[in-house]
Amino acid sequence: MIGCSGMTKRFGALPAVDNVSLDLELGSICALLGPNGAGKSTLVRMLAGLSAPDAGEVHMPQRAAIGVVPDDLALLPELTIEEQLGMCGPIYGLDRATTRRRSEDLLRLLSLWDLRRTYARECSYGMRKKTALAMALVHSPPVLLLDEPFEGVDPASSETIGATLRAAADRGITVLITTHILALVTRICDRVLVMRDGRLVSDGPVTDLPRGVEGLYFEQVEPPAKGDLAWLRLPQS
């Protein structure tokens with residue numbers, strides 16, 4: 001089993017994650033949706049072993065083998081993009097030749113090859129996000145836990161990342177992503193979970209959503225606010 005049972009995490013009196021249980025199907029992509037502050041990033045960090053739960057259990061393969069993009073990206077600012085990957089491979093047991101070969105493949109795929117000698121502190125947010133994703137993929141992990149992998153990434157790279165994750169899932173890798181890009185969920189994901197106020201409020205296959213992912217989100221989380229800012233106009237001459 002891959003997933004968790006009874007996961008709970010509080011920050012003071014606030015239940016960031018409140019008794020959440022889930023199981024992830026092998027070789028699938030599961031989207032975890034919800035508004036800001038719903039507890040998605042906290043849950044991902046607990047699943048990845050980066051944060052300890054106050055209660056509950058995580059059921060995962062060996063934690064060292066999981067590929068993770070955490071909310072803070074966990075890059076070292078004084079290393080270049082290339083050096084981040086070069087350091088990462090041996091940690092996962094890859095020899096240096098394999099690390100170099102896979103690093104080049106990933107950096108070319110993610111349009112980072114010509115920027116590979118840029119220090120992380122000099123990178124744009126999108127470059128840092130793609131670097132963190134490359135680090136999560138380099139050792140071909142059985143499970144990927146990706147917090148907002150498309151956030152701040154250009155459209156071409158988003159398309160590439162989506163296709164890469166779909167292909168990985170089709171070859172047996174289990175993927176959990178958080179995202180606010182609902183159109184991508186419809187295109188690449190098998191299953192949708194929705195969190196609100198630290199709890200899971202919906203769980204089901206993408207194919208079982210008659211109103212689509214957007215309809216589910218607006219129904220289970222919140223409808224878009226409606227209103228007219230009448231003062232937002234060109235000044236009258």
Practice task
Only one of V221, L193, V194 passes side chain to side chain contact (heavy atoms under 4.5 Å, CB included) with V201; say which it is.
Solution key: V194

Exercise for the section: Quick one: do L32 and L200 satisfy side chain to side chain contact (heavy atoms under 4.5 Å, CB included)? Show the steps, please. Expected result: CA-CA 9 Å; L32 179 61; L200 280 181; 4.2 Å; yes

Exercise for the section: Work out which heavy atom in L94 is nearest to a heavy atom in H139; give both atom names and the distance. Expected result: CD1-CA, 4.0 Å

Exercise for the section: Report whether W113 and M135 are members of the same hydrophobic cluster (ILVMFWY, side-chain heavy atoms less than 4.5 Å apart, transitive linking). Expected result: yes

Problem - Cluster check I29, V153: I/L/V/M/F/W/Y, side chain < 4.5 angstrom - result: yes

Problem - Closest approach of C88 to V138 (non-hydrogen atoms, all atoms of both residues) - result: SG-CG1, 4.2 Å

Handout entry: Chi angles and distances behind the side chain to side chain contact (heavy atoms under 4.5 Å, CB included) call for R128, Q84
Key = CA-CA 11 Å; R128 294 198 300 274; Q84 311 274 350; over 6 Å; no

Problem - Spatial distance of atom CG (L22) from atom CG (L176) [nearest 0.5 Å] - result: 7.0 Å

Problem - Whether over 12 other heavy atoms sit under 6.0 Å from E57 CD - result: no

Problem - Given R108, R116, R100, the one that forms salt bridge (charged side-chain N to carboxylate O under 4.0 Å, His left out) with E82 - result: R116

Handout entry: Side-chain heavy atoms of K40 within contact of D147, under 4.5 Å
Key = no

Completion exercise
Note: V143 and L145 closest approach over all heavy atoms is CG1-CD2, 4.0 Å

Problem - Hydrophobic cluster membership, I181 vs Y217, 4.5 Å side-chain cutoff - result: no

Practice task
Give the intermediate values and the outcome of side chain to side chain contact (heavy atoms under 4.5 Å, CB included) for residues T178 and L33.
Solution key: CA-CA 6 Å; T178 73; L33 309 181; over 6 Å; no

Problem - Pair M7-N19, side chain to side chain contact (heavy atoms under 4.5 Å, CB included): steps then yes or no - result: CA-CA 5 Å; M7 295 292 280; N19 194 32; over 6 Å; no

Exercise for the section: Mark yes or no for whether R191, through its side chain, and C30, through its backbone, hold a donor-acceptor pair below 3.5 Å. Expected result: no

Problem - Single-linkage hydrophobic cluster M127~L133, side-chain heavy atoms < 4.5 angstrom - result: yes

Exercise for the section: Indicate yes or no: at least one non-hydrogen side-chain atom of P77 is less than 4.5 angstrom from one of Y119. Expected result: no

Practice task
Measure the CG-NE2 distance between L47 and H59 for me, rounded to the nearest 0.5 Å.
Solution key: 10.0 Å

Exercise for the section: Please indicate whether R199 has more than 12 foreign heavy atoms, meaning atoms of other residues, nucleotides or ligands, lying under 6.0 Å from its CZ. Expected result: no

Problem - Value rounded to 0.5 Å, distance of CE in M87 from CG in L85 - result: 8.5 Å

Practice task
Taking only Lys NZ, Arg NE, NH1 and NH2, and the carboxylate oxygens of Asp or Glu, determine whether D105 and R101 approach each other closer than 4.0 Å.
Solution key: no

Exercise for the section: Check N36 against H180 and note the closest heavy-atom contact, atom names and distance. Expected result: OD1-NE2, 3.3 Å

Problem - L137-L50 co-clustered via ILVMFWY side chain contacts under 4.5 Å - result: no

Handout entry: Euclidean distance, L79 CG relative to T131 OG1, rounded to 0.5 Å
Key = 11.0 Å

Handout entry: Result of checking S124, S111, S157 against K130 for side chain to side chain donor-acceptor pair (under 3.5 Å)
Key = S157

Handout entry: Polar side-chain atom of K129 near backbone of E148 as donor-acceptor pair, under 3.5 Å
Key = yes

Fill in the blank from the handout: Closest non-hydrogen atoms of G198 and V20, given as atom of the first, atom of the second and distance, are O-CG2, 3.4 Å

Practice task
Applying side chain to side chain contact (heavy atoms under 4.5 Å, CB included) between L216 and each of V192, L182, D208, report the one that passes.
Solution key: V192

Handout entry: Side-chain touch I161/L110, heavy atoms, less than 4.5 angstrom
Key = yes

Practice task
State whether the number of non-hydrogen atoms from other residues, nucleotides or ligands found under 6.0 Å of E159 atom CD is greater than 12.
Solution key: no

Exercise for the section: Verify the distance criterion only: is there a donor paired with an acceptor across the side chains of T8 and D54 at less than 3.5 Å? Expected result: no

Handout entry: Side chain proximity check, Y125 to L73, heavy atoms < 4.5 angstrom
Key = yes

Exercise for the section: Please report the shortest heavy-atom distance between M46 and V58, naming the atom on each side. Expected result: O-CG2, 3.7 Å

Practice task
Taking the side chain as every heavy atom from C-beta outward, state whether L165 and F150 have any pair of such atoms under 4.5 Å apart.
Solution key: yes

Handout entry: Spacing of CG belonging to L115 relative to OG1 belonging to T80, to within rounding of 0.5 Å
Key = 11.0 Å

Practice task
Compare all side-chain heavy atoms of D23 with those of I2 and state whether any distance is below 4.5 angstrom.
Solution key: no

Handout entry: Atom pair OG1 (T174) and CG (L144), whose distance is rounded to the nearest 0.5 Å
Key = 9.0 Å

Exercise for the section: Mark yes when over 12 heavy atoms from residues, nucleotides or ligands other than Y92 sit less than 6.0 Å from its OH; otherwise mark no. Expected result: yes

